[in-house]
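All ligand and atom numbering here is 1-based and tracks the order in the structure. Sequential numbering from 1 along the given sequence is applied to the chain's residues.
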Amino acid sequence: MSSTIPCRICAGPVQEFFDFGRQPLSDAFLPVDADFSQEFFFRLAVGVCGTCGMVQLTEEVPRDRMFHEDYPYFSSGSAYMREHFEGLAKRLLTTELSGGDPFVVELGCNDGVMLGTLADSGVRHLGVEPSASVAAVAAGKGVRVRTSFFEEATAREILAEDGQADVIYAANTLCHIPYMDSILAGVRALLKPTGVFVFEDPYLGDIVERTSFDQIYDEHFFFFTASSVREMAARNGLELVDVERLTVHGGEVRYTLAPAGQRQPSEAVAALVAEEKERKLSDLTTLRAFGENVLKIRDDLTALLTRLRAEGKSVVGYGATAKSATVTNLCGIGPELVPFVCDTTPAKQGRLTPGTHIPVRTPDAFSGDYPDYALLFAWNHAEEIMANEQEFRAAGGKWILYVPEVKVV
Ligand code: DWN
Ligand code: SAH
Ligand code: ZN
């Protein structure tokens with residue numbers, strides 16, 4: 001626990017503060033006849049850099065193991081998220097993309113949930129998306145997409161073909177990329193001097209406040225704060241010029257970076273940096289206390305599920321999220337406690353959850369014969385899901401939540 005590894009941003013010493021132990025790839029849903037002895041595991045642990053304050057994983061999973069032609073997360077699966085991205089696209093059209101012949105590049109455009117709106121409005125755009133499964137869906141929506149990983153070389157190729165961009169955008173993608181030097185060099189090369197790099201990702205401030213520890217899994221390498229992003233930008237010729245807190249995915253921040261010296265940083269930047277300092281957000285004591293809270297949730301959740309099983313109650317999982325891999329594997333929740341998880345994604349249905357091998361079934365399996373309890377793994381979509389599942393409540397069903405603490409509602 002006490003050894004340090006070099007920070008992926010500044011090479012300073014990263015001190016580990018929580019070890020989740022052996023974990024599988026969060027989106028590697030297995031066929032029922034898979035050879036389990038071949039399943040890939042790694043040690044999931046998080047640390048904080050003593051120099052730049054960036055919170056990050058201490059072990060890196062090779063990117064091709066996670067993002068490939070079978071990647072099963074399709075962003076358009078939530079109506080609420082579709083609205084969120086449509087709203088942003090429309091806002092960009094009246095702001096950063098309102099000049100003559102604007103050009104926008106999105107990293108990790110997935111199934112075109114955001115770019116679809118911009119494509120419909122005829123804006124020059126390009127999505128860069130390594131996972132062919134989701135990129136194909138984007139292309140089907142009329143989105144121009146390039147099936148590759150964004151990095152410096154990709155940026156230079158795009159620059160040669162399309163010229164500089166007014167906006168480079170990434171949602172829930174930048175935090176997935178350990179090789180940040182290459183990304184930011186690419187952004188610098190591809191962005192117009194007047195352009196902006198906008199990205200939104202889960203916010204460490206919310207993760208710590210709500211103990212939403214399941215945001216920590218293989219794909220999420222960095223856990224940003226305004227302070228660490230400001231530092232990261234400054235080391236790479238960029239400047240953090242705006243921050244906006246978002247409620248999606250349990251709490252995120254949308255960061256706006258511009259080439260250094262081009263734009264005046266907003267007051268929101270200084271305010272959020274000051275708040276983080278006041279909270280001692282990146283201090284080891286704060287982060288170790290977060291770790292203690294994680295252990296409490298683990299113990300409470302396993303105790304609750306064990307008691308419900310002893311009482312003969314039925315419990316079903318709701319939403320085969322990537323996040324749930326961390327929960328089920330940390331708590332040791334397998335099919336004996338939760339016999340199946342329902343999920344709307346065809347690519348996950350009929351498969352088994354990574355590491356814990358819980359069958360994933362269609363939502364019909366849930367509504368056909370309501371269980372006594374539903375363990376809400378997709379807690380970040382609680383509002384949308386609970387609104388759609390009012391019959392479950394009417395039938396006497398109860399939801400189990402574990403963020404910010406274990407409770408039955
Ligand atoms: O960062 C990431 C986020 C954006 O998406 C990726 N690394 C992977 C993925 O994480 P996740 O799987 O934890 O995301 P969600 O959005 O919480 O996943 C929701 C899951 O629940 C999907 O599999 C779809 C499913 N679902 C459902 O069955 N019924 C979702 C909704 C809204 C529903 O009503
Ligand atoms: N923007 C979507 C997708 C998030 S999932 C949303 O907010 O819902 C993360 C996505 O990042 C995946 O589709 C994955 O294939 C993609 N990704 C991972 N590494 C990438 C890289 N180097 N360049 C571009 N996309 C990448
Ligand atoms: Zn650092």
## Note on the structure
Residues C109 and A138: closest non-hydrogen pair is SG-CB, 4.5 Å
### Query
Honestly, is R361 close enough over F340, meaning NZ or CZ under 6.0 Å from the six-membered ring centre and within 45° of the axis?
yes
### Query
Do H220 and Y217 have their ring centres less than 6.0 Å from each other?
yes
### Query
atom 10 (C) of ligand 2: which protein heavy atom is closest, and how many Å away?
T173 OG1, 3.7 Å
### Message
Classify the ring geometry of F17 against F290: parallel below 30°, tilted from 30° to 60°, perpendicular beyond 60°.
### Response
perpendicular
### Message
What protein heavy atom lies closest to atom 8 (O) of ligand 2? Include the residue and the distance to one decimal.
### Response
S75 OG, 2.7 Å
### Query
Should E152 and R156 count as an ion pair when the cut-off is N to O under 4.0 Å?
yes
### T321 side chain vs S324 backbone, donor-acceptor pair below 3.5 Å
yes
### Proximity to ligand 1 by part of Y80, non-hydrogen separation under 4.0 Å
neither
### Query
Under a 4.0 Å N-O cut-off, is there an ion pair linking R22 with E59?
no
### Query
So which protein heavy atom does atom 13 (O) of ligand 2 come closest to, and at what separation?
E129 OE1, 2.8 Å
### Task
Would you check whether D343 has a nitrogen or oxygen atom less than 3.5 angstrom from a nitrogen or oxygen atom of ligand 1?
yes
### Task
Under 4.0 Å, heavy atoms only, figure out whether ligand 1 is touched by the backbone of I385, its side chain, both or neither.
side chain
### Query
Does K141 come within less than 4.0 Å of D120, counting only side-chain N to carboxylate O?
no
### Numbered atoms and elements of ligand 2 in range of N172, under 4.0 angstrom, heavy atoms
4 (C), 5 (S), 6 (C), 7 (O), 9 (C)
### Message
With the threshold set at under 4.0 angstrom, would you say F366 reaches ligand 1 through any of its heavy atoms?
### Response
no
### Query
Can a non-hydrogen atom of H249 be found less than 4.0 Å from any atom of ligand 1?
yes
### Aromatic plane relationship, F42 with F40 - under 30° parallel, 30 to 60° tilted, over 60° perpendicular
parallel
### Query
Which atoms of ligand 1 have any heavy atom of Y71 under 4.0 Å away?
6 (C), 7 (N), 8 (C)
### Query
Between P130 and ligand 2, is there a nitrogen or oxygen pair with a distance under 3.5 Å?
no
### Region of F29 that comes within reach of ligand 1 [heavy atoms, distance under 4.0 Å]
neither
### Task
Decide whether an N or O pair under 3.5 Å exists between N388 and ligand 1.
no
### Query
Can you name the nearest heavy-atom pair linking A233 to L240, along with the distance?
CB-N, 4.1 Å
### Query
Identify the closest protein heavy atom to atom 23 (N) of ligand 2: which residue and atom is it, and at what distance?
F150 N, 2.9 Å
### Message
Regarding E157 and R146, does a basic nitrogen lie under 4.0 Å from an acidic carboxylate oxygen?
### Response
yes
### Task
Specify the closest pair of heavy atoms between A347 and F74, including all atoms of both residues, with the distance to one decimal.
CB-CE1, 4.2 Å
### Task
With atom 2 (C) of ligand 1 as the reference point, say which of Y73, Y217, F67 has the nearest heavy atom.
Y217
### Query
Quick one: does R63 get within less than 4.0 Å of ligand 2, heavy atoms only?
no
### Closest heavy-atom pair and its distance - E384, A79
OE2-N, 2.8 Å
### Query
Any nitrogen or oxygen of E384, main chain or side chain, under 3.5 Å from a nitrogen or oxygen of ligand 1?
no
### Query
So, for V145 and A139, which heavy atoms are closest and what is the spacing to 0.1 Å?
CG1-CB, 3.8 Å
### Task
Of the side chain and backbone of Y179, name the one, both, or neither that has a heavy atom under 4.0 Å from an atom of ligand 2.
side chain
#### Entry: T344 contact mode with ligand 1 (heavy-atom cut-off under 4.0 Å)
both
### Message
Closer than 4.0 Å to some heavy atom of N380 - which atoms of ligand 1 meet that?
### Response
15 (P), 16 (O), 17 (O)
### Task
Just jot down the ligand 1 atoms closer than 4.0 angstrom to any heavy atom of E219, in number order.
6 (C), 7 (N), 8 (C)
### Task
May I ask you to list the atoms of ligand 1 that are less than 4.0 angstrom from any heavy atom of G319?
21 (O)
### Task
On the 0 to 90° scale, with breaks at 30° and 60°, tag the F67-H176 ring pair as parallel, tilted or perpendicular.
tilted
### Task
Could you tell me whether ligand 2 has any atom less than 4.0 Å away from a heavy atom of I177?
yes
### Message
Distance under 4.0 Å to a non-hydrogen atom of H176: what atoms of ligand 1 satisfy this?
### Response
1 (O), 2 (C), 6 (C), 7 (N)
### Message
Parallel, tilted or perpendicular, judged at 30° and 60°: which one describes the rings of Y370 and F392?
### Response
tilted
### Query
Do ligand 2 and C109 have nitrogen or oxygen atoms that lie under 3.5 Å from each other?
no
### Query
So which of E60, R63, E151 actually passes side-chain hydrogen bond (donor to acceptor under 3.5 Å, both in side chains) with Y179?
R63
#### Entry: Heteroatom distance test (A322, ligand 1): nitrogen or oxygen, under 3.5 angstrom
yes
### Query
Going by distance only, is there an N or O of Y71 that falls short of 3.5 Å from an N or O of ligand 2?
no
### Query
What do we get for K323 next to ligand 1 when only non-hydrogen atoms under 4.0 Å count, side chain, backbone, both or neither?
both
### Message
For ligand 2 and S131, I'd like to know whether there is a polar contact (N/O to N/O, distance under 3.5 Å).
### Response
yes
### Query
Does the pair E86/K90 count as a salt bridge with the N-to-O cut at 4.0 Å?
yes
### Task
Identify, by atom number and element, the atoms of ligand 1 in contact range of H220, meaning under 4.0 Å from any of its heavy atoms.
1 (O), 2 (C), 7 (N)
### Query
Are any of the N or O atoms of Y318 closer than 3.5 Å to those of ligand 1?
no
